[in-house]
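Structure first, commentary second.
Below, read A as the first sequence line, B as the second, and so on, with proteins coming before strands; counting in each chain starts at 1.
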Amino acid sequence: MTNQEVARVLAEIGEYIQMDEGLSFRARAYDKAAEIVGGMPDSITELFKKGGEDAVIAINGIGKGIAQTIAELATDGASTMHEELKRAMPIDLSALRSVEGLGPQKISRLYKELGITSLATLEEAAKAGRIRALSGFGEKSEQKLLRGVGFLKTGTGRFPLGDVLPWARSVEKALAGVRGVTRVAIAGSARRRRETAGDIDFLAVAKDSAAAMDFFVSMPDVTEVIARGDTKASVRLASGLTADLRVVPAASYGAALNYFTGSRDHNIALRQIAQDKGLKLNEYGLFRGEKSVAGKTEEGVYAALGLPYIEPELREMGGEIPAALENRLPDLVGYGDLVGDLQVQTSWTDGAHTIMEMAQAARAAGLSYIVVTDHTKRLAMMGGLDERRLALQGKEIDEANGSLKAQGIDFLILKGSECDILKDGSLDLSDEALSALDVVGVSVHSYFDLPRDEQTARIVRAIRNPHADILFHPTGRKINRRPAYDVDMDEIIAVAKETGTVLEADAFPDRLDLNAEHIRKCMGAGVKISIDSDAHDKAHFSVLEYGIAQARRGWARRKDVINAWPASEMLAMLKH
DNA sequence: GCCGTTTTCGGCCCGACTGTTTTCAGTCG
């Protein structure tokens with residue numbers, strides 16, 4: 001069983017408990033355990049198999065009771081408690097739970113009093129007007145549930161950050177122009193730069209919140225106002241995305257920004273620290289009794305808690321609190337730190353622009369070198385380069401460099417390749433052709449369905465090729481389109497460490513491959529990464545930001561990222 | 001159900017909004 005599956009069972013048990021007890025501490029314990037297991041980098045069932053129940057109990061937040069459930073899941077693939085709860089109430093809990101406004105207690109009543117077990121039976125009952133008859137429910141709740149079901153049927157989940165951040169920034173700018181608004185910020189998971197967003201949170205400071213609220217609920221793409229109070233509004237957009245706005249006084253800006261940035265668990269940990277110091281932390285500030293101790297700035301809040309400032313990308317309860325307490329937070333790679341781009345395609349294959357056009361665009365984006373990495377012949381559909389055309393391209397690069405130099409422009413175009421990894425792990429170009437290149441990237445574009453062992457062995461063979469410098473988009477996943485191929489990344493990382501191979505963090509918003517967790521593993525193993533745009537168009541250098549964000553989420557420092565180094569140092573590293 | 005250099009018992013994060021209430025429960029983040 002995967003950690004996600006175990007987490008789901010634990011969370012469902014927690015929800016069932018909530019049906020009877022409300023959000024009791026027992027229910028919370030299951031909820032919390034689900035969060036912990038879901039966020040663990042290593043397999044909980046493997047941990048149990050190796051270390052027994054004791055190893056599981058050693059995890060903070062998991063005690064004897066929940067460890068027993070985990071033990072059952074690891075050995076039988078099922079938990080008696082969970083099975084009994086499901087038997088007593090055979091409902092599609094996760095589907096019903098995803099309806100806006102429907103929580104455990106209402107779900108329980110709908111089942112007991114109307115026999116509602118699924119989205120279909122919920123919709124039927126609502127349409128027949130049977131829900132409004134229940135005490136505590138009314139016509140409005142019934143309509144809201146109906147809208148909720150309708151929304152789920154249109155089926156949208158989380159949106160790639162690259163799709164929503166530009167929109168969020170435009171709203172941020174517009175909000176800043178609303179009368180009375182003195183500060184605006186994007187908060188939530190978008191500020192933490194999670195690779196996808198389910199909603200977007202905005203925070204504003206305004207003397208009079210009404211104008212900001214009015215603006216927010218009447219933006220052109222709002223299709224539904226879910227809530228609108230004095231200080232908080234929530235809307236649904238045509239795209240399916242939800243957006244929240246919260247307005248706070250200036251004195252609370254830092255505390256509120258911290259609160260609305262999350263993650264939820266990070267906030268809970270901070271409040272725990274506050275509590276231990278006899279303080280109370282909420283979105284309005286940090287208080288000792290009635291007296292405000294901090295709250296105007298985020299830095300001030302952290303400082304008053306005895307912590308250095310923690311960057312939003314780290315606020316995921318991935319060890320940032322202990323690291324902060326011990327003053328060993330990483331000095332993260334910065335958004336302006338990249339000086340080169342090691343994966344760029346041109347019109348020689350499937351790119352839209354010429355080598356020189358891409359070089360000029362990269363320079364305009366603040367870079368001082370690029371590596372031209374067109375596809376190779378195996379990708380015939382894209383006009384992949386064979387050895388002969390690659391040599392011709394090399395001549396064009398020499399000429400382009402000469403022309404830049406003649407104009408006194410300090411910019412370097414390097415020769416490279418996105419060389420295809422064939423089914424058996426051999427490379428698509430001859431050793432002779434590869435040895436003429438400055439940087440050799442290798443990548444998988446076929447046979448995604450190989451068994452795990454075979455896929456891993458194939459990629460290992462490719463990166464063991466002495467010419468291979470970088471493994472491009474190592475897992476092949478495309479967000480919301482296809483999962484990663486089945487590959488043992490721990491093994492790949494171990495071999496990369498041994499061979500000095502660099503692993504790429506492809507910055508393209510639908511790839512973000514490596515993801516933050518894998519980058520974190522690379523950091524742990526001492527494997528270097530490159531953050532590349534995978535640009536196919538002049539406009540694509542802007543996506544580097546998303547790759548940097550994921551690298552920061554993976555605790556990468558500037559010195560861990562080879563294209564944050566000058567070209568000479570980067571090349572010296574690749575050639576050992 | 002989990003946890004503990006103040007505790008093995010008695011705590012456990014905190015507040016806004018909605019709808020149905022007539023003082024609050026449920027949900028959400």
Measure [atom1]/[X] against [atom2]/[N] and give the value in whole Å, please.
X	N	atom1	atom2	result
Leu23(A)	dG15(B)	CG	P	15 Å
Phe260(A)	dC14(B)	CZ	P	15 Å
Leu110(A)	dT27(B)	CG	C1'	14 Å
Leu145(A)	dT27(B)	CG	P	10 Å
Arg236(A)	dC28(B)	CZ	P	11 Å
Asn267(A)	dC14(B)	CG	C1'	10 Å
Lys232(A)	dT18(B)	NZ	P	9 Å
Glu142(A)	dT20(B)	CD	P	10 Å

Please check if any side-chain donor atom of [X] sits under 3.5 Å from a side-chain acceptor atom of [Y], or the reverse.
X	Y	result
Asp92(A)	Ser118(A)	no
Ser24(A)	Glu21(A)	yes
Asp560(A)	Trp555(A)	no
Ser94(A)	Glu12(A)	no
Thr261(A)	Arg191(A)	yes

Would you say a side-chain N or O of Thr231(A) is under 4.0 Å from OP1 or OP2 of dG15(B)?
no
Tabulated below should be each protein N or O lying under 3.5 Å from an N or O of nucleotides 24-26 of chain B; please produce it.
from, atom 1, to, atom 2, distance (Å)
dG26(B), OP1, Gln105(A), OE1, 3.3

Of all heavy-atom pairs between [X] and [Y], which one has the smallest distance, and what is that distance?
X	Y	value
Met523(A)	Gly554(A)	CG-O, 3.3 Å
Leu514(A)	Pro474(A)	CD2-CG, 3.5 Å
Gln18(A)	Ala27(A)	CG-CB, 3.6 Å
Ser239(A)	Phe159(A)	O-CZ, 3.3 Å
Tyr309(A)	Pro312(A)	OH-CD, 3.7 Å

Within 45 degrees of the axis of the six-membered ring of Tyr253(A) and under 6.0 Å from its centre: does Arg183(A) put its NZ or CZ there?
yes
Distance check, [atom1] atoms only: [N] and [M], in whole angstrom units.
N	M	atom1	value
dG1(B)	dT5(B)	C1'	24 Å
dT22(B)	dG29(B)	C1'	28 Å
dG26(B)	dT21(B)	C1'	13 Å
dT20(B)	dG15(B)	P	26 Å
dC9(B)	dC14(B)	C1'	25 Å
dC17(B)	dT23(B)	C1'	16 Å
dT6(B)	dC2(B)	P	24 Å

Output one letter per nucleotide in nucleotides 1-12 of chain B: B when a protein non-hydrogen atom lies under 4.0 Å from the base, S when only the sugar-phosphate is that close, - when neither is.
BSS--------B
Between dG29(B) and Tyr259(A), counting only base atoms on the nucleotide and side-chain atoms on the residue, is there a donor-acceptor pair under 3.5 Å?
yes
Between Asp230(A) and Asp244(A), just flag the one whose closest nucleotide in DNA chain B comes earlier from the 5' side.
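Between the two, 5'-proximity favours Asp230(A).
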Ring centroids only, cut at 6.0 angstrom: are His540(A) and Phe508(A) within range, meaning strictly under it?
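Under 6.0 Å, so yes.
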Output the single nucleotide from dG15(B), dC17(B), dG19(B) whose closest atom is nearest the side chain of Asn282(A).
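For Asn282(A), the side-chain atoms sit closest to dG15(B).
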Give none if dG26(B) has no partner; otherwise give the nucleotide forming a Watson-Crick or G-U wobble pair with it, both distances under 3.5 Å.
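For dG26(B), the partner nucleotide comes out as dC17(B), under the 3.5 Å rule.
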side-chain hydrogen bond (donor to acceptor under 3.5 Å, both in side chains) test vs Arg553(A) passes for just one of Glu313(A), Glu195(A), Glu517(A), Glu316(A), namely Glu316(A)
Base orientation of dT20(B), syn vs anti, 90° cut from 0
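In terms of base orientation relative to the sugar, dT20(B) is anti.
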Indicate, with a heavy-atom threshold strictly under 4.0 Å, whether Leu270(A) touches base, sugar-phosphate, or nothing.
nothing
Just to be sure I understand the rule, does Val99(A) reach a base, reach only the sugar-phosphate, or reach nothing, if contact means heavy atoms closer than 4.0 Å?
sugar-phosphate
Within residues 200-226 of chain A: residues closer than 4.0 Å to DNA chain B (heavy atoms)
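Per residue number, the list is empty: none.
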